[in-house]
Enquirer: 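First the structure, then my questions, so here it is.
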There are 2 protein chains.
Amino acid sequence: MEISRSARVSGGSTRQQAYQVLRGLIETVQFPPGQRLSENELAERLGVSRTPIREALLGLRDDRLVEIVPQLGTFVAHITRAALEDAQFIRVSLECAAVADAARRAEPAAVGELEDLVARQAEACRGDVDRFYPLDDEFHRRLCSLGGRAVAWSISQRASGHLNRVRRLSLPVPDYLAEMVAQHRAVLAAVAEQDPGVAESQLRLHLSRVLTGLGEIAHTHPEYFADDRDRNWASTLSPPHDPRSR
Amino acid sequence: MEISRSARVSGGSTRQQAYQVLRGLIETVQFPPGQRLSENELAERLGVSRTPIREALLGLRDDRLVEIVPQLGTFVAHITRAALEDAQFIRVSLECAAVADAARRAEPAAVGELEDLVARQAEACRGDVDRFYPLDDEFHRRLCSLGGRAVAWSISQRASGHLNRVRRLSLPVPDYLAEMVAQHRAVLAAVAEQDPGVAESQLRLHLSRVLTGLGEIAHTHPEYFADDRDRNWASTLSPPHDPRSR
DNA sequence: TTCCCGACACTACCATGCAAGTGTGGTGAT
DNA sequence: ATCACCACACTTGCATGGTAGTGTCGGGAA
């Protein structure tokens, strides 16, 4: 897995490439939670020195994707209920606020582009499912940009490392993907009709759907999780949100 | 300004201390926007090597407080309207969502502690005004923790570097501080009455107040600001830089 | 006087060396 | 057989050296 093959296309500095590669390996669970990450070993395998590796790992630590213990080692972070709750809170808060702004400033041209994107998602459901996730991310990113809140997506994405891992662990059931597409359509329709309230509540519903399969995943892959309490994941993770707020 | 005198008390690694020191110097505008920051010079002045300085600067780049131009230099970021809007959006979105949760789970004991805190703020208004800002931060931090959303404050604080600078530039008019305290009381009252909607709208009103003096500050300190549209020298000084991918 | 151009000083990026601390496994004593 | 202990291998944190690229400034030509 040399860096030249994995992500030379992404350009940028060695540090950025290393960050992208490592983040991808962690989010796709190719580096499973708990795995030890040695600066020396990673530097050798990626064909660079320790410095950019080290700096990339510091960034991943900010994302709570790795845990660095001085003089001991660096480890891929276990999935915890607290981390998932935090990530979900950040994502819902930022993206819902962003989509509300998007609904207020909805431009027909941009909405049309998003509809095309959703149509491509519907195709990807039936074809290669690995193509769905990038389209999903692209949808949410442009939804934020639509309201002039591109920063919402960048922060949300940065904080959603744990969520992306459980998303990857979820088996891509076609029905599930079709439901995603339908929810995207619902959000987009509300945006097109310039109804911030409905757009926000629809997006909130959509985002809460990501964690529904969590209990099952925690059961099939217990070694990926670190219980910071009980294992009652699904019950507390989608708290009854007040739909009337805001 | 050796690191041993400035922040040895903060403990932690050299990198964390360097980050704290530099962030403080930037937020208090002792390092004014546009100032050049040389790794070598900072390392010498703080009495450490370039490595922890460099890593601290990378963190400050994530916070958008410095701009690193490869092979050219590192500069304290100018204050821009876009950066302020982004920071404000993040802060409002996260803290409003957090305070809504706080209102739902309001515990009388914790509310009482916050009332004590507000009382101390009222004292600080008349006394040393420099004591007000830490109390202000503490109030917002504990408000987030109250609803189990401590992460909201940590992310908000990390993103609020630009806001903290304009706060520092605002002259501490006593009336202004008194108004802050009154708004804190209003938010807290809504939380105590377990009214998420009012708590959220009151906090939104309070947070929007921070930027009211912005126009005047931009007039008295034009050199600290960079119009993010024209001004030729600014475009060459902040060239189209890699869109934060770290 | 004005303009072009080249040497220079300086930058951040990356590579590497050294030091302090921790877990482990083997060895010796009991 | 069991336990204590010590040396070793390995870790990250920090210091330092080398490299490619950029802006600056001064000298020479027009």
Side-chain angles (χ1 to χ4, degrees), chain A residues 2-4 6-8 10-22 31 34-62 64-77, chain B residues 2-4 6-8 10-22 31 34-62 64-77 232-242 244-246:
Chain A
E2 280 172 5
I3 206 171
S4 55
S6 300
R8 180 66 75 186
S10 73
S13 64
T14 307
R15 169 184 65 250
Q16 292 169 343
Q17 295 178 26
Y19 174 84
Q20 294 294 342
V21 169
L22 293 177
F31 280 177
Q35 172 160 334
R36 180 189 212 112
L37 298 178
S38 163
E39 290 181 2
N40 280 310
E41 184 186 343
L42 291 176
E44 190 178 359
R45 289 179 65 176
L46 274 78
V48 297
S49 84
R50 279 180 50 215
T51 303
I53 296 293
R54 173 177 171 75
E55 292 169 351
L57 289 175
L58 289 173
L60 292 170
R61 182 167 75 95
D62 283 348
R64 298 175 68 171
L65 283 177
V66 304
E67 291 172 4
I68 302 175
V69 184
Q71 326 300 350
L72 211 172
T74 302
F75 307 88
V76 177
Chain B
E2 282 172 1
I3 205 172
S4 54
S6 299
R8 179 66 75 185
S10 72
S13 64
T14 306
R15 158 172 35 88
Q16 291 170 341
Q17 294 178 27
Y19 174 85
Q20 293 294 342
V21 170
L22 293 177
F31 280 177
Q35 172 160 336
R36 181 188 212 110
L37 298 178
S38 163
E39 289 181 3
N40 281 310
E41 184 185 344
L42 291 176
E44 190 177 0
R45 290 178 66 177
L46 275 84
V48 298
S49 86
R50 304 197 321 267
T51 303
I53 296 293
R54 171 178 172 74
E55 291 169 351
L57 289 175
L58 290 173
L60 292 170
R61 175 161 83 74
D62 283 349
R64 297 175 67 171
L65 283 177
V66 305
E67 292 173 4
I68 302 175
V69 185
Q71 324 301 349
L72 212 172
T74 302
F75 306 88
V76 177
N232 301 331
W233 58 268
S235 60
T236 55
L237 201 135
S238 333
H241 189 233
D242 55 25
R244 63 185 305 276
S245 52
R246 255 189 56 124

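Chain letters run A, B, ... following the sequence lines, proteins first, then strands; residues in each count from 1. All of these numbers come straight from a predicted model, not from anything done at the bench.
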Enquirer: What's the closest nucleotide to the side chain of B/L72 if the choices are D/dC14, D/dT22, C/dC14?
Expert: D/dT22
Enquirer: Can you measure B/I53 atom CD1 to C/dC13 atom P for me and round it to whole angstrom units?
Expert: 14 Å
Enquirer: Once side chain to side chain donor-acceptor pair (under 3.5 Å) is applied, do any residues pair with B/E39, and if so which ones, sequence neighbours excluded?
Expert: B/R54
Enquirer: Assuming nearest nucleotide by heavy-atom distance, tell me which of B/G73 and A/S49 is located more 5' along DNA chain C.
Expert: B/G73
Enquirer: Is B/L42 close to B/F31 at the side-chain level, that is, under 4.5 Å between some pair of heavy atoms?
Expert: yes
Enquirer: Considering only side-chain heavy atoms of A/V48, which listed nucleotide, D/dT12, C/dA15, D/dA15, is closest?
Expert: C/dA15
Enquirer: Is the distance from OP1 or OP2 of C/dC10 to the nearest side-chain N or O of B/S38 less than 4.0 Å?
Expert: no
Enquirer: Between D/dG13, D/dC14, C/dC14, which nucleotide gets closest to the side-chain atoms of A/S13?
Expert: C/dC14
Enquirer: Measure CD/B/Q17 against P/D/dG13 and give the value in whole Å, please.
Expert: 14 Å
Enquirer: Do B/V76 and B/L60 have side chains that get closer than 4.5 Å, going by heavy atoms?
Expert: no
Enquirer: Contact class for B/R50 (heavy atom, under 4.0 Å): base, sugar-phosphate, or nothing?
Expert: base
Enquirer: Let me know the distance between CZ of B/R36 and P of C/dC10, rounded to the nearest Å.
Expert: 10 Å
Enquirer: Taking only the side-chain nitrogens and oxygens of B/T51, find out if one of them lies under 4.0 Å from OP1 or OP2 of D/dG13.
Expert: no
Enquirer: Are OP1 or OP2 of D/dC10 and a side-chain N or O of A/N40 less than 4.0 angstrom apart?
Expert: no
Enquirer: Out of C/dC18, D/dT11, C/dA12, which nucleotide sits closest to the side chain of B/P70?
Expert: C/dA12
Enquirer: For A/F75 and C/dT22, what is the distance between atoms CZ and C1' respectively, to the nearest whole Å?
Expert: 11 Å
Enquirer: Using whole Å, what does the distance between atom C1' of nucleotide D/dC10 and atom CG of A/L42 come to?
Expert: 14 Å
Enquirer: Report the distance from atom CD1 of B/I68 to atom P of C/dC14, rounded to the nearest whole Å.
Expert: 11 Å
Enquirer: Within the pair B/T14 and D/dC14, is there a side-chain N or O less than 4.0 Å away from OP1 or OP2?
Expert: yes
Enquirer: Roughly, in whole Å, what's the span from CD in B/E55 to P in D/dT12?
Expert: 13 Å
Enquirer: Which value, rounded to the nearest 0.5 Å, describes the distance between A/E55 atom CD and A/T51 atom OG1?
Expert: 6.5 Å
Enquirer: Quick one: which of D/dC14, C/dA12, C/dA15 gets closest to the side chain of A/P52?
Expert: C/dA15
Enquirer: Checking the side chain of B/Q20 only, and the main-chain atoms of B/Q17 only, is there a donor and an acceptor separated by less than 3.5 Å?
Expert: no
Enquirer: Atom CD of B/E67 to atom P of C/dA12: distance rounded to whole Å?
Expert: 14 Å
Enquirer: Any chance you could measure A/L22, atom CG, to A/L37, atom CG, to the nearest 0.5 Å?
Expert: 7.0 Å
Enquirer: If you only use heavy atoms from C-beta on, which nucleotide in D/dA15, C/dA12, D/dT12 is closest to the side chain of A/Q71?
Expert: D/dT12
Enquirer: Just to be sure I understand the rule, does A/L37 reach a base, reach only the sugar-phosphate, or reach nothing, if contact means heavy atoms closer than 4.0 Å?
Expert: sugar-phosphate
